[in-house]
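Just so you know, ligand 1 is whichever comes first in the structure, and atom 1 is the first atom listed for that ligand. Heavy-atom basis, side chains included; hydrogens, waters and symmetry copies ignored.
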Amino acid sequence: MTIRPLGLDPTHCLIGGVWRAPASGAGLPLHSPSDGAEICRIARGDHEDIDAAVRAAGSALTGPWGHATAAERGRVLFRIGQMVLEQVEELARLEAMDVGKPLTQARADVLALARYMEFYGGAADKLHGQTIPYLEGYTVYTLRQPHGVTGHIIPWNYPMQIIGRSVGAALAMGNACVLKPAEEACLTALAFGEIARRAGLPDGALNVVPGLGVEAGAALSGHGGVHHISFTGSVGVGKRIQQAAGQNVVPVTLELGGKSPQLVFADADIDAALPFLVNAGIQNAGQTCSASSRILVQRRVYDQVLNGMAARYAALRAGPALDDLDLGPLVSPRQKEIVEGFLAKGADLEIAAQGQIISDAPAGGAYVAPTLFADVPPDHILAREEIFGPVQVVIPFETEEEAIAIANGTDFGLVASVWTESGARQMRLARQLRAGQVFLNNYGAGGGVELPFGGTGLSGHGREKGFEALYGFSVLKTVAALHG
Ligand code: NAP
Ligand code: MG
């Protein structure tokens with residue numbers, strides 16, 4: 001089988017508005033995680049292609065894209081969003097086949113991509129500068145201007161959402177983008193490049209170069225012609241990106257995952273909490289940076305919450321992406337191996353419940369049964385490290401102080417949620433929890449185009465999503481005029 005996203009040849013890169021083979025002519029196989037079969041080949045772009053893409057982006061900034069008004073940038077983003085909506089089924093199928101996510105979850109990603117285009121299309125002409133009172137005879141004001149060429153290195157778990165939030169905001173501010181999708185998931189990135197081209201985005205404003213991280217990714221993060229880098233992925237690679245960008249004194253936005261907790265207090269509405277507690281852990285088979293992998297429960301309601309979660313786990317089913325069950329496979333055999341390694345490290349723990357892999361799931365698929373561990377000590381490796389699979393740990397606590405200490409006791413700080421009917425406790429914990437987002441009586445794994453998002457600690461720095469992202473994707477200039 002060979003897949004052609006929107007009729008494209010997937011062995012090509014989009015550079016300067018033209019689809020072309022990488023300079024080396026090299027390719028890489030792309031496998032379906034649902035059954036292990038090769039579904040097509042993709043381009044193995046390297047430093048030559050990245051260099052061409054960066055130069056094409058630079059040219060776009062001095063051409064029609066660089067001269068487009070904010071309203072015109074917004075209009076083209078709207079058109080892209082509209083065309084994404086016309087391709088929901090095609091994009092969802094591509095993502096499901098490539099990444100292994102169930103169709104319903106893939107469709108949600110397409111809709112989120114369209115929403116990002118609408119949100120940033122609408123925002124493009126709404127970020128104003130300031131006038132600043134200064135000395136007699138002066139007028140001082142600020143301008144928000146694009147960085148220039150922005151590099152976007154994205155992972156495989158939510159390609160469309162991450163393209164939407166980073167490329168969308170960067171284009172809204174007038175940057176020209178070079179996108180390096182993950183080698184394991186680049187089909188929707190290619191399709192998006194084509195949609196943007198068809199929607200009239202000027203040549204070079206968005207370039208898409210698939211390839212290996214150590215080749216194309218490293219070339220992009222170390223390129224002297226790049227003025228800002230946005231990265232989502234692992235902590236280890238994030239550190240390298242920051243070092244590479246440091247050589248060129250270029251700002252970076254890093255989103256590196258987490259170990260996000262949900263805190264359930266005895267006064268909470270447990271029935272309302274249960275679906276959120278479980279879904280936040282198993283959505284996208286747990287391969288979500290903002291997944292909630294730690295559930296902290298006050299002792300008085302511990303059995304009730306654990307039993308409620310266990311019942312839900314027992315009903316979960318994993319199978320091929322196109323079967324559209326609760327979970328698909330993990331993205332790759334390598335990711336399955338990583339997650340199984342963690343499960344082996346939990347051999348000393350009590351398994352409260354597991355879901356099922358359907359009996360006719362293809363043997364070559366990267367399936368892992370969702371697993372819920374009970375009574376996990378907060379310092380256990382399963383309670384501290386990001387697993388990136390459908391695994392949750394339940395941890396009992398007695399007091400609010402203890403809950404805060406456990407919640408803040410990892411090196412990460414991305415998302416947290418608090419389940420309690422006490423308004424005072426909600427306000428206290430919202431301040432005290434170490435996280436870039438705190439949800440009160442809900443949990444928003446991955447959702448919320450409008451909501452600023454990002455981490456502290458090993459979860460990274462900088463904010464994407466929402467209006468806030470526009471500040472990160474632009475530079476402030478102060479203009480002081482002495483006119484007497
Ligand atoms: P990763 O290696 O950090 O990959 C993320 C992106 O960085 C991919 O596009 C990757 O390219 C690229 N990359 C890899 N090495 C690079 C380098 N030296 N310089 C520049 N770019 C480079 O993540 P992964 O291997 O896919 O997943 C490993 C673990 O990372 C997961 O188990 C999970 O814990 C974490 N992760 C977190 C997130 C998140 O949303 N925060 C997302 C994915 C993974 P290639 O993949 O094409 O090589
Ligand atoms: Mg794939």
Side-chain angles (χ1 to χ4, degrees), residues 27-31 33 42-47 50 98-101 109 151-163 165-166 178-187 189 208-223 226 229-245 247 252-260 283-291 293 330-342 366 368 384-391 411-415 436 445-446 453-455 457-462 464-465:
L28 292 165
L30 198 71
H31 295 100
I42 57 160
R44 179 175 173 173
D46 65 13
H47 64 96
I50 290 291
D98 192 358
V99 184
K101 63 177 76 193
D109 288 3
H152 305 259
I153 301 176
I154 67 164
W156 39 259
N157 55 346
Y158 288 90
M160 285 188 282
Q161 295 219 25
I162 297 172
I163 289 170
R165 78 187 191 202
S166 78
V178 178
L179 169 65
K180 206 301 278 178
E183 104 222 27
E184 277 143 331
C186 64
L187 296 181
V208 186
V209 182
L212 297 174
V214 289
E215 296 176 357
L220 182 56
S221 60
H223 198 292
V226 173
I229 295 170
S230 163
F231 171 78
T232 302
S234 62
V235 175
V237 175
K239 288 179 181 174
R240 284 197 204 177
I241 304 266
Q242 183 156 342
Q243 281 168 352
Q247 291 301 313
V252 292
T253 301
L254 298 180
E255 202 271 274
L256 308 178
K259 194 71 187 171
S260 299
Q283 176 185 316
N284 204 33
Q287 304 165 116
T288 305
C289 42
S290 53
S293 47
L330 301 191
V331 73
S332 63
R334 185 178 77 110
Q335 192 64 22
K336 175 176 151 94
E337 223 172 273
I338 293 174
V339 173
E340 287 178 343
F342 276 108
V368 170
R384 302 186 62 79
E385 290 194 12
E386 183 176 52
I387 297 173
F388 234 60
V391 181
D411 295 329
F412 295 100
L414 192 57
V415 178
F453 177 71
L458 286 190
S459 292
H461 52 75
E464 290 190 334
K465 302 172 67 162

Per-atom contacts, ligand 1 versus [X] - under 4.0 Å to a heavy atom:
X: Glu255; result: 41 (N)
X: Ile153; result: 6 (C), 7 (O), 9 (O), 12 (C), 21 (N)
X: Gly217; result: 19 (N), 20 (C), 21 (N)
X: Ala218; result: 19 (N), 20 (C)

Tell me if a side-chain donor or acceptor on [X] pairs with a main-chain N or O of [Y] at a distance below 3.5 Å.
X: Lys259; Y: Glu385; value: yes
X: Glu184; Y: Ser332; value: no
X: Asn284; Y: Asn157; value: yes
X: Ser260; Y: Val415; value: yes
X: Glu215; Y: Leu212; value: no
X: Ser459; Y: Gly257; value: yes
X: Asp411; Y: Gly457; value: no
X: Gln335; Y: Phe388; value: yes

Show, in sequence, the C-alpha distance, side-chain angles and deciding distance for Ser293 and Ile387, and conclude whether the side chain to side chain contact (heavy atoms under 4.5 Å, CB included) test is met.
CA-CA 8 Å; Ser293 47; Ile387 297 173; over 6 Å; no

Can you report which non-hydrogen protein atom sits closest to [atom], along with the distance?
atom: atom 27 (O) of ligand 1; result: Trp156 NE1, 3.7 Å
atom: atom 44 (C) of ligand 1; result: Phe388 CE2, 3.5 Å
atom: atom 32 (O) of ligand 1; result: Gln335 NE2, 3.1 Å
atom: atom 39 (C) of ligand 1; result: Cys289 CB, 3.4 Å
atom: atom 17 (C) of ligand 1; result: Gly213 O, 3.4 Å
atom: atom 7 (O) of ligand 1; result: Phe231 CE1, 3.2 Å
atom: atom 9 (O) of ligand 1; result: Ile154 O, 2.8 Å
atom: atom 2 (O) of ligand 1; result: Val237 CG2, 3.5 Å

Are any of the heavy atoms in [X] under 4.0 Å away from ligand 1?
X: Gly211; value: yes
X: Gln287; value: no
X: Tyr158; value: no

Nearest heavy-atom neighbours spanning Val368 and Pro390:
O-CG, 4.0 Å

Does a salt bridge link Lys465 with Glu255, judged by any charged N lying under 4.0 Å from a carboxylate O?
no

Kindly indicate whether atom 13 (N) of ligand 1 is approached by any protein heavy atom to under 4.0 angstrom.
yes

Cut-off 3.5 Å, side chains only: do Glu464 and Ser230 have a donor facing an acceptor?
yes

Does any N/O atom on Ile241 come nearer than 3.5 Å to any N/O atom on ligand 1?
no

Heavy-atom distances under 4.0 Å are what count here, so tell me which part of Leu256 touches ligand 1: side chain, backbone, both or neither.
backbone

Of the listed options (Arg334, Lys180, Glu386, Glu183), which comes nearest to atom 25 (O) of ligand 1 when hydrogens are ignored and any heavy atom counts?
Arg334

Heavy-atom proximity to atom 30 (O) of ligand 1, best of Pro155, Ser234, Gly257
Ser234

